[in-house]
Novice: 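Handing you this structure, nothing more for now.
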Amino acid sequence: MPSPALVRGAGLAAVLALLAACRIESAAPASGPVAAREGAPSGDVWVYTSMYRHVLDALDPLLKEKLPGVQVHWYQAGSEKVASRLEAERAAGAVRADLLATSDPFLYERLAREGAFARYASPNVLRVPRPLVDLDARYAAIRLSTMVLVHRQGTLPVPSSFAELADGRWKGRVAIGDPLTSGTAFTWAVFCQARYGDAFFTGLRERGAIVAGGNAAVLQKVESGEADAGVLLLENALAARARGSPIQVVWPTDGAVVIPGPVGLFATTPNPVAAKAVLDVLLSPEGQRLIVEKGDMHAVDPRLGGPRGEPGVDALLERAQPWTPALVERGLTRGGDVKESFTRAFSR
């Protein structure tokens, strides 16, 4: 029989889960007469995004089918470039974007705290795992990128964890992204520094880790033989293997780093009806399936499997280091310190 303390703990957990669900559901749109009063979505919607161009090309026909009266315009670039353009527009008081869909979760939290996003929960978001949703309905993940280990076939030993990369066995044969220029490398660095401290960066430098820039550069270093192992986005590794690359994916025993790619609706949008409708399509089963099949990323819909035979989101989260409020706070308020620690380690 469970102890009274455990019963009380289980009851508290159930209450907290219920309250979290209520917070999201209270922002979900009503159906029927309210939707009818808003009218059919129409007009222009601008989406600022870091999603791959070929994924956007696949989404266009679906959006035209579901929303024939809406013209969706994409501004597509890397997360850092999108953020720079957005900040310039905000400073000028002329934000053109209606929706933001990049892979920088720390940016979303900052914008949400500044009141930049409208509160909206798509009906499709109610099935998304709660760690991937802002409980106040200011943003929610629509896709998941994952930092894993890779190694070139025939190379030994095979790395088993991120911590091992600071091990002497890999001296001069490991490629990593640069957190000063790559948003995904920065998120990975935040997780590793939180878990292993600044000594992790120092260990990488002492063992001659190759700082390659972005994910494409890391992949090139491993494929060419300049490095035997590296830290890489799963989507890049899967796409490379599909075209015959000699690399293998390794799920790190200390937990992969899952990077949510959220979507947020700007409070300044002049066309909230159409913008919400576009957001709904991105989170629909059809939109999620295209993200998996064309982008080699994980969907947030737990009913879908992962890319190229990988398990779905629930299994992915079990393989990953958990997102916590402390990690979000570290990346948001101490991101400069993380980058400074990395720079200091590699400038010695």
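Atom set for the values below is all heavy atoms of this structure, side chains included, hydrogens, waters and symmetry mates excluded.
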Novice: Would you mind reporting whether P41 and K276 have side-chain heavy atoms less than 4.5 Å apart?
Specialist: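 Not in contact.
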Novice: Keeping the roles fixed (side chain from S182, backbone from D178), state whether a donor-acceptor pair exists under 3.5 Å.
Specialist: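 No, the answer is negative, given that no donor and acceptor are paired below the 3.5 Å cut-off.
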Novice: Side chains of T102 and S50: do they bring a donor and an acceptor to under 3.5 Å?
Specialist: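 There is no such pair (donor and acceptor under 3.5 Å, judged by atom type) between the side chains of T102 and S50.
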Novice: Any non-hydrogen side-chain atom of E87 less than 4.5 Å from a side-chain atom of L111?
Specialist: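 A side-chain contact under 4.5 Å exists here.
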Novice: Check the side chains of D280 and Y120 for a donor-acceptor pair under 3.5 angstrom, ignoring hydrogens and angles.
Specialist: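 A pair is found: one side chain offers a donor N or O, the other an acceptor, under 3.5 Å apart.
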Novice: Compare all side-chain heavy atoms of Q193 with those of R330 and state whether any distance is below 4.5 angstrom.
Specialist: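 In short, these two side chains touch, coming nearer than 4.5 Å.
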Novice: Is a side-chain N or O of K294 found less than 3.5 angstrom from the main chain of L56, in a donor-acceptor match?
Specialist: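 No, because the side chain of K294 does not come within donor-acceptor range (under 3.5 Å) of the backbone of L56.
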Novice: Can you give me every donor-acceptor pair (side chain of residues 245-263, partner residue at least two apart or in another chain, under 3.5 Å) with its distance?
Specialist:
residue, atom, partner, partner atom, Å
S245, OG, E223, OE2, 2.6
T253, OG1, S160, O, 3.2
D254, OD1, F162, N, 3.1
D254, OD2, F162, N, 3.2
D254, OD2, A163, N, 3.1
D254, OD2, Y196, OH, 2.7

Novice: Does T184 reach the side chain of N215, with side-chain heavy atoms less than 4.5 Å apart?
Specialist: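 Of all side-chain heavy-atom pairs linking N215 with T184, at least one is under 4.5 Å.
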Novice: Under the salt bridge (Lys or Arg N to Asp or Glu O under 4.0 Å) criterion, do R169 and E164 qualify, and how do the steps go?
Specialist: CA-CA 8 Å; R169 292 180 300 172; E164 268 191 17; 3.1 Å; yes
Novice: Should the pair W46 and H73 be assigned to parallel (<30°), tilted (30 to 60°) or perpendicular (>60°) ring geometry?
Specialist: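 Aromatic pair W46/H73 classed parallel.
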Novice: For T155 and D228: C-alpha separation, side-chain torsions, deciding distance, then whether side-chain hydrogen bond (donor to acceptor under 3.5 Å, both in side chains) applies.
Specialist: CA-CA 6 Å; T155 57; D228 294 330; 5.1 Å; no
Novice: Is any side-chain N of the basic residue among R113 and E329 closer than 4.0 Å to the acidic one's carboxylate O?
Specialist: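 A salt bridge links R113 with E329.
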Novice: Assert yes or no for the condition that the ring centre distance of F266 to F117 is strictly below 6.0 Å.
Specialist: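 Here the rings of F117 and F266 have centres that are less than 6.0 Å from each other.
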Novice: Does any non-hydrogen side-chain atom of D301 lie less than 4.5 Å from one of V313?
Specialist: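 No, too far: nothing below the 4.5 Å cut-off.
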Novice: Does a side chain donor of either Y52 or E235 reach within less than 3.5 Å of an acceptor in the other side chain?
Specialist: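 Short answer, yes.
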Novice: Contact between R289 and L304 at the side-chain level, heavy atoms closer than 4.5 Å - yes or no?
Specialist: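 Of all side-chain heavy-atom pairs linking L304 with R289, at least one is under 4.5 Å.
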Novice: Are L59 and V70 connected, step by step, through hydrophobic side chains (Ile, Leu, Val, Met, Phe, Trp, Tyr) whose heavy atoms are closer than 4.5 Å?
Specialist: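 Yes, L59 and V70 fall within the same hydrophobic cluster.
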Novice: Kindly give the heavy-atom pair with the smallest separation between G177 and F342, and that separation in Å.
Specialist: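 In this case the closest contact between G177 and F342 is O-CZ, 4.5 Å.
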Novice: Within a 6.0 Å radius of atom NZ on K339, are there more than 12 heavy atoms belonging to other residues, nucleotides or ligands?
Specialist: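 More than 12 within 6.0 Å, yes.
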Novice: Quick check: do P307 and E293 have side-chain heavy atoms less than 4.5 Å from each other?
Specialist: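 Sidechains of E293 and P307: no contact.
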Novice: Could you walk me through whether D198 and S341 pass side-chain hydrogen bond (donor to acceptor under 3.5 Å, both in side chains), step by step?
Specialist: CA-CA 6 Å; D198 291 345; S341 296; 3.3 Å; yes
Novice: Taking all atoms of both residues into account, what is the closest heavy-atom pair of M297 and S145, and its distance?
Specialist: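 Minimum heavy-atom separation between M297 and S145: SD-OG, 3.9 Å.
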Novice: Check this for me, if you would: do R173 and E226 make a salt bridge, where the nitrogen-to-carboxylate-oxygen distance has to be below 4.0 angstrom?
Specialist: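 No.
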Novice: Between R207 and D167, is there a salt bridge with N-O shorter than 4.0 Å?
Specialist: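 Looking at R207 together with D167, the answer is no, because their closest N to O distance does not fall below 4.0 Å.
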Novice: Do L99 and Y48 share a hydrophobic cluster, counting only Ile, Leu, Val, Met, Phe, Trp and Tyr and linking them when any side-chain heavy atoms are less than 4.5 Å apart?
Specialist: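 Hydrophobic grouping puts L99 apart from Y48.
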Novice: Name the one of V218, V222, L165 that satisfies side chain to side chain contact (heavy atoms under 4.5 Å, CB included) with V174?
Specialist: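 That would be L165.
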Novice: Give a yes or no on whether the backbone of A345 and the side-chain of R205 come within a donor-acceptor separation of less than 3.5 Å.
Specialist: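 Checked: pair present.
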Novice: Applying the side chain to side chain contact (heavy atoms under 4.5 Å, CB included) test to Y75, which of L100, L86, V82 qualifies?
Specialist: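 Of all the options given, the one that passes is V82.
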Novice: Tell me if a side-chain donor or acceptor on R130 pairs with a main-chain N or O of V128 at a distance below 3.5 Å.
Specialist: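 Yes; at least one donor-acceptor contact below 3.5 Å.
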Novice: Going by the side chain to side chain contact (heavy atoms under 4.5 Å, CB included) test, name the single residue among V133, L107, D134 that passes it with Y139.
Specialist: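 When side chain to side chain contact (heavy atoms under 4.5 Å, CB included) is applied between Y139 and each of V133, L107, D134, only D134 qualifies.
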Novice: Any luck finding a side-chain donor-acceptor pair between S79 and D104 under 3.5 Å?
Specialist: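 There is no such pair (donor and acceptor under 3.5 Å, judged by atom type) between the side chains of S79 and D104.
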Novice: For salt bridge (Lys or Arg N to Asp or Glu O under 4.0 Å), just list the numbers for K66 and E286, CA-CA rounded to whole Å, side-chain angles, deciding distance to a tenth of an Å, and then say yes or no.
Specialist: CA-CA 10 Å; K66 299 291 186 181; E286 298 93 334; 3.3 Å; yes
Novice: Do T269 side-chain atoms and L265 backbone N/O form a donor-acceptor pair below 3.5 Å?
Specialist: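 No: the side chain of T269 does not pair with the backbone of L265.
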Novice: So, Q76 side chain and M51 main chain: donor-acceptor pair closer than 3.5 Å or not?
Specialist: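 A pair under 3.5 Å: yes.
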